[in-house]
Amino acid sequence: MRHTTARIGADVGGTFTDIVLIDAQRGVALRKLLSTPDDFGRAVVDGVSDLLPAHAVPPQAVADVVHGTTVATNTILEFKGALTGLLTTRGFRDVLELRRLRVPKLYDLFWDKPRPLVERALRLEVDERMASTGQVLQPLDLAQAEQAAEHLVAQGVQAIAVSLLHAYANPAHEQAIGELLRRRWPHLSVSLSHEVLPIIREYERTSTTVINAYVQPLVAHYVQSLRGQLDAHAVTAPLLIMQSNGGVMSDVAAALKPAYIVESGPAAGVIASVGLARELGVDNVITFDMGGTTAKASVVERGIPDFTSEFEVAAGISLASKLSSGGGYALSVPFIDLSEVGAGGGSIVWIDPGGAPKVGPHSAGARPGPVCYATGGTQPTVTDANVVLGYINPTSLLDGAMPIDADAARRVLQEQVADVLGLSLLDAAYGVHQLANASMIRAVKAVSSQRGRDPRKFTLFAFGGSGPVHAAGLARELEIGRIVVPRAPGFFSAFGLLAADLEHHAVRTFMRRTAALDLKELGAAFDALERRCRADLGRDDLQAEQIQVERWVEMRYVGQAFELPVCAPLGDLEQHHVATFEQDFHATHERTYGHRTDNVMEIVNLRVICRAPIDASPPTTPPPVPPTNGRSMPRQVRPAYFGPRWGLCDTPVLRREHLTSEAARGPLIVEEYDATVVVPPSCSAARDHLGNILIEVES
């Protein structure tokens, strides 16, 4: 048995890839490098192969590599998934287009719903029918299903999704088709709805299964390629992938069910925020994570992140909300409840046909990148505007490792924005900064005020490479009084990867009214789900006592369209537990919707969650990290523009270690290897005993 002392977290973003190495003997090492869009895994391997010898860590000492990736998300956003076919019950061919008949913009007559991921010609019907009880109403015509599959294969499909009516109640017909497809066409990616999401709601189940099939070939190739590249560098430790629910799964499981890793990267930042909130004794937090391509916001209340199983991706703003649904693709797997907008440092600034300036959602990414990176970019971005404003170092980033061409940023912003709008260069750049803020405020409101939460009662945690640059502007608009910028903010999500547990969710529909509940039947159903959930963790070396188990019943009043989760006890169920379910549901419903009723209640779904800690003492937050080059940058002063009210200010530029527990008045800028913190006028900053920067925002 090899002696493992090190763990690696690798967070891949659209612009930068962040690598964290934590070794029990040698401490912490960090590396930030430009992502490699042609093969995102290459940047991971480059960073790992650079860090290990630089810090004398042998590859055999690595216990695991935990990876957060946007590959599945970007595949959907860019419509670059596999050519996919769908086999479904006769009469249900168009469920992907009928959707839920909701639109995100009620009075927009020109809004077009997104095109289905499977075109109509590749959606074929088969004769079969199940009842919601699982009874066979019409036997499966397997020969017809085979003919339909042959037609799809002839059309060149790379993946087939199978979603039959009520397959969650009886999967026999789907199993027969799946066995046929996998036997005759082993090269195809096959996704069966009862394996991906065995619950009611035909559109959500079909959409989730189609998404799984659509991204599966690319994700499978990606994780297999990354696994091979790591092996080639003698890093043979397990490769674990962050899920959307904040847990991790094996690379093999991620290749089979890639729908579960769509919001892989953003979830890691929320997990890290939970640990930091616990350290600081802060109960209510809004997380704000801004990278090069997107900005993400989420809420942690009473030290616990919000979860949802209703999410839409590729909707302009990706979020879970019944009030603004319909703009994207439904994905009903467990998610940390967050919202995401296409506003990052690399977001492109453009002028629409009406002459109005816009920011994003398209990003320059790592290639060609912002103009100031001098890597081929020709269109102005938010980062270019921040360089012009003096917020970002005008000569270099990453402690000098990445040169910055400030003159090129000024030139492109002048020619393509300021001159077109008839503004001065600084006012144009400040306008771009404000437009980006407005888009990100939309994301924060989506998880706070639009959910009945007052953002003024929360602390803002700002991280990501660009988050601390914009955080003060967001906080002022939202009237949030305090911002916390954690240690190593640019690597915060990568640390979150290493704080995650191995986790799996198993769910099934179980339609029963609580007034006539058979407790033996319920217990047997929970036991079967738990066995499946433990097996799907994919770790045979775990002892039973190492696995933490949660059981949940998802309930509603009879006649409602959606359900709410209620915790269920482990072990044998007794009659008094039914009354507890009902009381807890009443309380949850009142907390969520503001009222309760005397209506009859019913259970809709059962859910079992299995978790197993990966490391006995995982790092919940980054430890104090010295500058990468081992030297402290001297204090400097440079002009920075803070809008018409404050104008151009001579602004001190510090390192984090220059701050003390006594508040320093803004304006000031804190530069670090991985991020820049902007403290505008009428704000102040201090450093707490743990090394976090605390920014107080005056109203």
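Just so it is clear, the values below take in all heavy atoms, side chains as well, and ignore hydrogens, waters and symmetry mates. Everything quoted here is computed from the prediction, not taken from an experiment.
The closest donor-acceptor contact from the side chain of Q416 to the backbone of T378 lies under 3.5 Å. Under the 3.5 Å distance criterion, the side-chain polar atoms of S244 are left unmatched by any main-chain donor or acceptor of F335. Checking side-chain atoms of R453 against main-chain N and O of V447 turns up a donor-acceptor pair under 3.5 Å. Of the possible donor and acceptor atoms, one in the side chain of S347 sits under 3.5 Å from a partner among the backbone N and O of G344. A donor-acceptor pair under 3.5 Å is formed between the side chain of R687 and the backbone N or O of L659. Between the S35 side chain and the P37 main chain, no donor and acceptor come within less than 3.5 Å of each other. Looking at D688, its side chain does come within 3.5 Å of a backbone N or O of N692 through a donor-acceptor pair. Not a single donor-acceptor pair under 3.5 Å links the side chain of W350 to the backbone N or O of P380.
Using a 4.5 Å cut-off on side-chain heavy atoms (C-beta onward), H233 and V45 make contact. Inter-residue side-chain proximity for I8 and V44 is flagged as unmet; no heavy-atom pair is nearer than 4.5 Å. You'll find the side chain of R656 reaches within 4.5 Å of the side chain of V485, heavy atoms only. With a 4.5 Å cut-off on side-chain heavy atoms, Y373 and I404 count as touching. Between V382 and S466 the shortest side-chain heavy-atom distance does not fall below 4.5 Å. The shortest distance between side-chain heavy atoms of L34 and T15 falls below 4.5 Å. Side-chain contact check for T73 versus E263: some heavy-atom pair is nearer than 4.5 Å. The shortest side-chain heavy-atom distance between F40 and T69 does not fall under the 4.5 Å cut-off.
Once rounded to the nearest 0.5 Å, the distance linking CG of L30 with CG of D674 reads 7.0 Å. Atom CZ of F461 is separated from atom CD1 of I483 by 11.5 Å, given to the nearest 0.5 angstrom. Note that CD1 of I336 is 7.0 Å distant from CE of M242, once rounded to the nearest 0.5 Å. Atom CD1 in I480 sits 7.5 Å away from atom CG in L474 (nearest 0.5 Å). Put simply, OG1 on T375 and CG on D405 are 11.0 Å apart, with the number rounded to the nearest 0.5 Å. Remark: L498 CG to I271 CD1 distance equals 12.5 Å, nearest 0.5 Å.
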Please evaluate residues Y222 and H67 with respect to the criterion ring-ring contact (aromatic ring centres under 6.0 Å, His included), reporting the C-alpha separation (whole Å), side-chain torsions for both, the decisive distance (0.1 Å), and the verdict. CA-CA 12 Å; Y222 172 77; H67 182 32; 5.7 Å; yes

One pair to check against side chain to side chain contact (heavy atoms under 4.5 Å, CB included): F491 and F16. What are the steps and the verdict? CA-CA 10 Å; F491 292 92; F16 285 100; over 6 Å; no

Please assess T287 against V300 for the test side chain to side chain contact (heavy atoms under 4.5 Å, CB included), listing each intermediate value before the final yes or no. CA-CA 8 Å; T287 72; V300 177; 4.3 Å; yes

Could you please spell out the steps behind the side chain to side chain contact (heavy atoms under 4.5 Å, CB included) verdict for L117 and T84? CA-CA 8 Å; L117 296 178; T84 303; over 6 Å; no

Criterion side chain to side chain contact (heavy atoms under 4.5 Å, CB included) on S448 and I286, from CA distance to verdict: CA-CA 8 Å; S448 58; I286 293 174; 4.1 Å; yes

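Note: Y391 and H433 have perpendicular aromatic rings, judged against thresholds of 30 and 60 degrees for the angle between ring planes. Between F463 and F492, the two ring planes are tilted [angle within 30° to 60°].
Between A462 and P468, the shortest heavy-atom contact is O-CG, 4.1 Å. Nearest approach of R31 to D50, heavy atoms of both residues: NE-OD2, 2.7 Å. When all heavy atoms of S363 and G292 are compared, the pair lying nearest together is OG-O, 3.4 Å. Scanning all heavy atoms of the two residues, the minimum distance from V387 to P394 falls at CG1-CA, 4.5 Å. The heavy-atom pair separating T17 from A43 by the smallest distance is OG1-CB, 3.6 Å. Across S493 and A268, no two heavy atoms sit closer than the pair O-CB, 3.2 Å.
Under the 6.0 Å distance and 45° angle rule, R487 does not count as a cation-pi partner of F495.
Side-chain contact check for S298 and K296: no donor-acceptor pair (N or O, by modelled atom type) lies under 3.5 Å. Residues S424 and D427 bring a donor and an acceptor atom of their side chains to less than 3.5 Å of each other. A side-chain donor-acceptor contact under 3.5 Å links T381 and D384. Donor-acceptor pairing under 3.5 Å is lacking for the side chains of T36 and D38.
For the side chain to side chain contact (heavy atoms under 4.5 Å, CB included) with R638, the lone residue among D650, V653, T651 that qualifies is V653.
Salt bridge annotation for R665-E698: present, with a cationic side-chain nitrogen under 4.0 angstrom from a carboxylate oxygen. By the 4.0 Å N-to-carboxylate-O rule, R655 lies too far from E671 to be salt-bridged with it.
Annotation for H55: atom NE2 counts as buried by contact number, over 12 foreign heavy atoms lying within 6.0 Å.
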